[in-house]
Structures are given as C-alpha cells and as structure tokens.
Amino acid sequence: MIQNQLNACGFQGVSGALLVDGSPAILIEKAISNKEGILTSKGALAVETGAYTGRSPEDRFIVDTPDVHDKIAWGSVNKPFPVEGYRRVRKAIIDYLSARDLYVVHAVAGADRRWCRKFLVVCERASQALFARQLLVRPSKRQIADFEPQDFNVLVAPGLKLNPAVYGTHSEAVVLLNFEEKTVLIAGTSYSGEIKKAIFSVMNYLMPVEEGVLPMHCSANMDPVTGETAVFFGLSGTGKTTLSADPQRMLIGDDEHGWASGSVFNFEGGCYAKAICISQTTEPEIYRAIKFGSVCENVVVDPVTRKPDYFDGSLTENTRVAYPIDFIDNAQVMGQGRYPNVVIFLTADAFGVLPPISRLDKNAAMYHFLSGFTSKVAGTERGVTEPQPTFSTLFGEPFMPLSPLLYAKMFGEKIECSGTRVYLINTGWTGGPYGTGSRMDLASTRLMITSVLDGSVEESEFVHDDLFNLDVPQHIDGVDDRVLNPRDTWSDVEAFDESALRLAKMFVENASKKYPDMDPEVRAAGPKVS
C-alpha cells in the first residue's frame, strides 16, 4: 500500500530506510539520534530551525495550472509559478528525498469526516514527521487501511537548497502548491509552520470550491454545559491561542476551522502555540502541554539542566510549541461544535487608538472581516522585528487562495443565518502607540471576552464612535471604565485624535484599493472620514 502511495507522489524507489507512521517515542528517538534536537527537562523535543524562524511569504507560490487559473486571487500573496518550473523543483525534491531515510505520516485535515481530506506527508526529518503527526488529525487504523488513494501529498526537504537561477524560485527556499497534481512541495526551510500553513491553504481552496464550507483562520471553544460555541479570529500575536485556551470552556481548536451548515470543525488535531514569555501563571494550559510528545521550535534550552527559557528570544521572538490537542486538559478532542453563537475579531492595534471592545452588526462584521487590521508582531515573518500595522484580509490573507469577497459573502450569510453576535477586541496598545503606551492587560481582555461569551456586555450602555463607526460598551465588570475609551487613556488627546484619524484613513484607503467592488452597504459600515 505505502509503495503505491509513494508512487503517486512521484517516487520510483527509495534507497534509504522508510519509517511509516512512527510513534512519538520512536520519532523522538530518531530525531535525537540524527542530532535534529534534544530533550528538555519536561521531555519535549527542542529543535532549532536555523535561518528560517518564521514563514517566508516571498518564497510561497501557487502553480498556475489551467484548472485553477481563473479561480485564484492572483497578486502579491498568491503568486503564480510556471508548470515547467514546478516540474524541475519536484524532480529535484524527489531525487533528493529518494536518496535519504524517509519518515512518512498518514494524516487527515478536518475533524468532521464528512469534509476531511487525507494528506500523505513525506519528510527527511523525524522531528518534522512528529510535528505533522501531532498537528494534524491522527487517523484510526481503519482509516489508514482505507487511505489509498490520498487526497494530497506534502513533500518536505529542508536540507535541499535550491539555486534561484536554475529553478526560478525567489531564494534557496520554496513552498509550492499544485492543486492539479494535488501536491505541496517544501524545500530549503526547516520552519515547520510552512507545513501547517501550506495544508491550511489547500483546505482554504478546497472547502468553498468543493464543499460549500467556510474556512477560517480562527480558534474555537465551547461551553461544556450549554454547548454554545465561540470563534476567535486573529493573526499570530493577537492572543488567539491564549484567549481561546479558557479553563472554563472546552477548546475545539486553536487556529484553523471550517464553518459548515450548523457546525464548526477543527482542520487540525493539535496546536501550534507561541511560546515566548509563557509561564504557568499566565498560560497554564499551554505551559502544561509542553511535555513528552511536544515539539519546541527555537526555544532556548540550558545545555546542562535542559530547562527551557521561554523568556529568551535570542533565537527569535517567534518561539513555538506544537502538541496534540488532547495535551490540553479541557480539549474537545472530537474537534467539533455547533454553529458559533459568538464571533470575536482580535486585533493588536500598534497605534493604540481602537477601543478594546466594540460591537459589530452584519455589515460592519463583513467590513472588518475583509479588512483584517492588526499589527504583525516580531518574529512571525522574516524581517519583522517590531509591530507593523497591516491589513491582512480575513485575518489570514497569506493563506486564502480565492477572492476575499467570496469568503466574506459566505461569512455574512452564515452569521445572519445563525444569529451570531460579532465583536472586535483590541489586544494591542493602550495609553499611547507602540513605544509610548503599554500592551493591553491580559486579565482585562479576558474579562471583556467573558462578558461577550455570557452576554452580560449587552447590559452595558453603548456609545457610538463616529470616526471608527463602532458601538463601544461603557462598562465591563472588573475593567477600568477609562480603558474602554482609548482617548481617555492618552495624556495628549490631540496626538490621539491625529493617530486615530490616520488609522481611520488607512482603513478607508485599504478598502478602496483592495475592494473596489465591495457592497456599498458593507463599505458604509467602515470608518467615516470626512
């Protein structure tokens, strides 16, 4: 069976050893034997990824085949790659991997089997096979027996450095998505997040096109008593993973989901959490999940005691830990919940002018879904060393192959059909911009989210922010009322007004430039700049 599956990837034979679906213990043994990493004092496998400590967007391409040419939203994010160039890269990767020991993982994307896809992941490194095994849904023995043919192949060759002059790549690294051949190629980068996000990108194309399911870059949790589900949108660094890991609720998933008719389901079977500055006090669920079977990326480890130092960002601020979702005590291990009662957009506003919490109607929700405003934080991408204001469409623009308006239309229809309440929560700066103000207090943000989840926020008086066109509550139990109105937290209100107007204009300009065909009612729900 496995030989047929490898043949479908393009392999004619493999000269090295082949390990298929190795257990975590075996894969960890292999990784240590191969000098890929070391064990921490907690038993996690710690690896370093070298020059690539975050995603490399400039190295990601979609192969421009006839079947997808008119469907992909081509541009600076979804960049086309020629078929002939793809074939050269594919041959180089297959030749490279064929001469090495290989680690193969049968994995599933999609906890709801009605809409899942089967991925065969072929790696040169045991540590990355462990990553794939722990991050994706782990199929049962029966599902593995019925695996052939796989829906998609993922070939991972971090040790292969490509010559751009020969292969037409941007650098020595490349991530190629080919929907016609149903193959993902990854070479030249050891950052395992490329595996995760490439598979997410594949699902973001397949689910709307083939299943009518809305893919979402979000986390999700549910009330264990009522079953009410909440969805959290946000890019890396906005607190999406941290804020959805609530001890009072069951975690469905921390990053990637599908919204089907009447339900939400996790695309993955694990979590990939930022590890920088975590502690047992601030993030106990994640902290306890870092144990044997977990993979730490670029976490500094004392060579003698093997104790990890989560506060050391000398390798990168984008330190990560990957673990299966059942390492979280209160996980909903089936990875499914009913339709979301609440949607929360998380943004990290480096200007320090957006309210920490505001309510959105349907059109405003679609507007902010399309805008996806936040600040890229240090380390999540190469070259990002301090927060950079950005508009990332759908809070996940780098991973969305189709037209943003298609996703937004699906989103609007689903929140209207389900009666879902939508809120925008700013986890960024208060009292001034980045460098002057301070990051929003995590405890206060948690209280705001609790008020949204239990509905008590609706008991507050709401005041309309005319500039940003948002409804802002004036009281949340346990939160200083001044914090709810950011202008009140600045010592220089004229500077606040200037910064707020600047950001509002950025919203308007972004919408005008990116979405000339945006529905007028949706556009009117955005900021009002005279």
Side-chain angles (χ1 to χ4, degrees), residues 107-117 119 135-138 193 196-223 227-236 238-246 249-273 322 324-326 328 330-346 365 369 372 392-402 406-408 410-415 417-418 420 422 449 453:
V108 170
D112 191 321
R113 297 303 193 267
R114 292 174 292 178
W115 295 288
C116 72
R117 292 295 186 273
F119 285 80
L135 254 290
L136 291 165
V137 177
R138 293 158 290 283
K196 167 189 168 70
K197 291 306 186 186
I199 292 174
F200 183 40
S201 298
V202 169
M203 294 294 283
N204 291 342
Y205 176 85
L206 297 178
M207 290 295 99
V209 170
E210 298 182 357
E211 306 291 358
V213 170
L214 173 66
M216 304 179 291
H217 184 215
C218 69
S219 57
N221 64 26
M222 63 183 290
D223 187 300
E228 292 185 342
T229 300
V231 163
F232 299 75
F233 285 91
L235 291 179
S236 178
T238 58
K240 176 164 54 68
T241 298
T242 300
L243 293 168
S244 57
D246 185 335
R249 296 172 69 86
M250 298 180 71
L251 180 68
I252 297 173
D254 82 325
D255 198 45
E256 302 167 2
H257 293 80
W259 187 342
S261 178
S263 69
V264 165
F265 64 96
N266 195 355
F267 284 169
E268 301 178 307
C271 302
Y272 190 43
I325 196 167
D326 56 13
I328 296 290
N330 59 331
Q332 212 286 43
V333 294
M334 296 301 292
Q336 300 178 52
R338 71 185 198 187
Y339 68 87
N341 301 82
V342 169
V343 166
I344 293 173
F345 294 147
L346 296 169
F369 188 49
S392 184
T393 304
L394 316 176
F395 294 92
E397 184 173 15
F399 325 116
M400 300 296 179
L402 303 173
L406 181 150
Y407 296 109
M410 292 182 70
F411 177 71
E413 291 170 349
K414 289 186 179 296
I415 62 173
C417 180
S418 302
T420 303
V422 185
I449 287 177
L453 297 177

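Just so it is clear, the values below take in all heavy atoms, side chains as well, and ignore hydrogens, waters and symmetry mates.
- Atom CE of Met207 and atom CH2 of Trp115 lie 9.5 Å apart (nearest 0.5 Å).
- Note that OG of Ser219 is 7.0 Å distant from CG of Leu346, once rounded to the nearest 0.5 Å.
- Residue Ile449 holds its CD1 atom at 10.0 Å from CZ of Arg249, rounded to the nearest 0.5 Å.
- Contact detail for Asn221 and Ser244: the closest heavy-atom pair is ND2-O, 3.1 Å.
- Side-chain contact between Gln336 and Thr229: absent, with no pair of heavy atoms (C-beta onward) separated by less than 4.5 Å.
- The shortest side-chain heavy-atom distance between Lys414 and Thr420 does not fall under the 4.5 Å cut-off.
- Within the 4.5 Å cutoff, no side-chain heavy atoms of Met334 are placed close to those of Met250.
- Residues Phe265 and Val137 form no side-chain contact, since every pair of their non-hydrogen atoms from C-beta on lies 4.5 Å or further apart.
- You'll find the side chain of Pro215 reaches within 4.5 Å of the side chain of Tyr407, heavy atoms only.
- Judged by distance alone, with hydrogens and angles left aside, the side-chain atoms of His257 form a donor-acceptor pair with the main-chain N or O of Cys218 at under 3.5 Å.
- Put simply, the side chain of Glu210 reaches to within 4.5 Å of the side chain of Arg117, judged on heavy atoms.
- Not a single donor-acceptor pair under 3.5 Å links the side chain of Asn204 to the backbone N or O of Pro401.
- The two residues Leu251 and Ile325 come nearest to each other via the heavy atoms O-CD1, 3.8 Å.
- Across every non-hydrogen atom of Pro398 and Ser201, the tightest pair is O-OG, 4.3 Å.
- For Phe395, the ring-ring contact (aromatic ring centres under 6.0 Å, His included) test picks out Phe345, with sequence neighbours left out.
- Residues satisfying the ring-ring contact (aromatic ring centres under 6.0 Å, His included) criterion with Phe119, sequence neighbours excluded, are Phe152.
- Glu397 places none of its side-chain heavy atoms less than 4.5 Å from the side chain of Leu235.
- Atom CZ of Phe267 sits about 11.0 Å away from atom CG of Asp255, to the nearest 0.5 Å.
- Ring planes of Phe233 and Phe411: perpendicular class, angle over 60° (limits at 30 and 60°).
- Ion pair Glu268/Lys196 flagged as a salt bridge, since at least one NZ, NE, NH1 or NH2 atom sits closer than 4.0 Å to an Asp/Glu carboxylate oxygen.
- The structure places CG of Asp254 at 6.0 Å from NZ of Lys240, a figure rounded to the nearest 0.5 Å.
- Contact annotation: the side chain of Glu256 never approaches that of Met203 to less than 4.5 Å [non-hydrogen atoms, C-beta and beyond].
- How far CZ of Phe369 is from CD1 of Ile415: 9.5 Å, rounded to the nearest 0.5 Å.
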